[in-house]
Amino acid sequence: MPGGCSRRRWKSPVSSGADPARLAGRVAVVTGVSRGIGRAIAEAFVGQGATVIGLDIDPGSPSIRRMDVTDERQWRELADELEGSPPDVVVNNAGGLLDSSVLHEHSTETWRQTLDLNLTSVFFSMRTFIPQMLLRRRGSIINIGSVSGVRGQADAPAYQAAKAGLAMLTRNAALVYAPFRIRVNTLTPSVVETEGLAAGPEPRTAAFLARVPLGRPALPEEVAAAAVFLASDESSYVTGADLAVDGGYLA
């Protein structure tokens, strides 16, 4: 066999007679669920049978827990609450571009806030839930990245640095925890349809769109469909990957 592999038969975790609800019985934590990609992911997970614990700093709904993902103490409190039923899936979606200024115009405060929101918060999340996943020897972590963390651009240095760091943090964790059947992947969108886009994209976003070969932004549901794949057993052999849902932007 190629590479000198033995003929041992490995049991596939994907059943040919699988329940059409691909996430049935699973518990998922999703951050930033009040709108956009996070809300679409939460809705898609529920539609596939998962129980979703939604977190957002601006809940907007009684079903969403208020959470500042940059607050380490709040992560510890959440871990204590979920100790008896730890999540099978964690989606680190909360983040955002706080300042698109060039480097010499960035303040130290904005730099730190951007890294805290887009990178340190994910470190807090993974450090919170990986010990619980280790005990169960399974789990899927999905970190929402950005094409800004892959391809250089002429602005937003803090955001670019944070998203690039997120991609490497994902790879690091994927290597360390693969023996324990904990999969860690990055999901990387480009421009996604939002309320702001519906009113007409700002010049910066319009410039991004002009470089998307498919010629349109992604729908939040299209990004969510990729998240369902990474959360399900269909991606049981996928870890350390960067799945671009970018309309060909990075091609």
Side-chain angles (χ1 to χ4, degrees), residues 23 28-48 50 52-70 87 89-100 113-122 125 140-150 153 156 158-160 162-163 166-167 170 185-209 211-212 214-231 242-247 249-250:
L23 303 178
V29 169
V30 183
T31 67
V33 298
S34 288
R35 57 190 177 275
I37 293 173
R39 181 167 63 187
I41 290 174
E43 291 174 349
F45 280 14
V46 169
Q48 291 296 328
V52 173
I53 300 167
L55 311 175
D56 203 292
I57 196 167
D58 182 18
S61 167
S63 63
I64 299 174
R65 174 193 171 111
R66 189 185 188 284
M67 174 84 169
D68 178 357
V69 296
T70 68
V89 182
V90 175
V91 181
N92 292 305
N93 166 72
L97 174 63
L98 304 182
D99 189 345
S100 60
Q113 288 175 341
T114 301
L115 265 65
D116 283 348
L117 176 59
N118 292 281
L119 180 58
T120 305
S121 68
V122 178
S125 171
S140 174
I141 298 172
I142 304 166
N143 296 326
I144 305 300
S146 169
V147 294
S148 295
V150 181
Q153 59 195 54
Y159 184 72
Q160 283 214 274
K163 289 299 187 180
L166 175 64
T170 299
N185 293 288
T186 306
L187 181 53
T188 300
S190 54
V191 183
V192 181
E193 184 70 64
T194 62
E195 295 176 1
L197 274 180
E202 61 175 332
R204 185 176 185 278
T205 304
F208 262 98
L209 275 173
R211 298 197 295 269
V212 175
L214 284 182
R216 65 170 179 85
L219 298 176
E221 294 78 12
E222 292 174 309
V223 182
V228 169
F229 167 71
L230 290 175
D242 191 335
L243 178 55
V245 184
D246 65 348
Y249 182 92
L250 295 175

Do you know the tightest heavy-atom contact between Pro59 and Arg65? CG-C, 4.5 Å
Using 0.5 Å steps for rounding, measure from the CG atom of Leu243 to the CD1 atom of Ile142. 9.5 Å
Minimum heavy-atom distance Asp58-Ser34, with the two atoms named: O-OG, 2.6 Å
Separation between OG1 (Thr31) and CD1 (Ile53), nearest 0.5 Å, reads 12.5 Å
Residues in salt bridge (charged side-chain N to carboxylate O under 4.0 Å, His left out) contact with Arg66, at least two apart in sequence or another chain: none
Mind listing the closest non-hydrogen atom pair of Arg216 and Leu209 along with its distance? C-CD2, 3.7 Å
As a test of understanding, state which of Thr170, Thr186, Thr188 forms a side-chain hydrogen bond (donor to acceptor under 3.5 Å, both in side chains) with Asn143. Thr170
What are the two closest heavy atoms between Val52 and Val46, and how far apart are they? CG2-CG2, 3.7 Å
I'd like to know if the side chain of Asn93 reaches the main chain of Gly32, judged simply by a donor and an acceptor atom lying under 3.5 Å from each other, with no hydrogens or angles considered. yes
Between Glu222 (side chain only) and Val245 (backbone N and O only), is there a donor and an acceptor less than 3.5 Å apart? no
Residues passing the side chain to side chain donor-acceptor pair (under 3.5 Å) test with Asn118, sequence neighbours excluded, are none
Residue list, side chain to side chain donor-acceptor pair (under 3.5 Å) with Ser100, at least two apart or on another chain: none
Who pairs with Arg211 by salt bridge (charged side-chain N to carboxylate O under 4.0 Å, His left out), at least two apart in sequence or on another chain? none
One should read off an interatomic distance between Asp242 CG and Leu250 CG, to the nearest 0.5 angstrom, of 8.0 Å
Compare all side-chain heavy atoms of Val29 with those of Leu55 and state whether any distance is below 4.5 angstrom. yes
So, for Ala224 and Ala40, which heavy atoms are closest and what is the spacing to 0.1 Å? CB-O, 3.5 Å
Heavy-atom check, side chain of Ile141 versus side chain of Asn92, under 4.5 Å: yes
Correct closest heavy-atom pair for Val89 and Ala231 would be CG1-CB, 3.8 Å
Distance from Phe229 atom CZ to Gln48 atom CD, nearest 0.5 Å? 13.5 Å
Any chance you could measure Asn185, atom CG, to Ile144, atom CD1, to the nearest 0.5 Å? 10.5 Å
Tell me if a side-chain donor or acceptor on Ser125 pairs with a main-chain N or O of Ser121 at a distance below 3.5 Å. no
Restricting to salt bridge (charged side-chain N to carboxylate O under 4.0 Å, His left out), what partner residues turn up for Glu221, sequence neighbours left out? none
List the residues meeting salt bridge (charged side-chain N to carboxylate O under 4.0 Å, His left out) with Arg35, not counting sequence neighbours, and say none if there are none. none
Would you call Gln153 and Ser148 a side-chain contact if the rule is heavy atoms closer than 4.5 Å? yes
Which distance, rounded to the nearest 0.5 Å, do you find between the OG1 of Thr114 and the CG of Leu98? 4.0 Å
Ignoring hydrogens and geometry, is there a side-chain-to-backbone donor-acceptor pair from Ser140 to Leu230 under 3.5 Å? yes
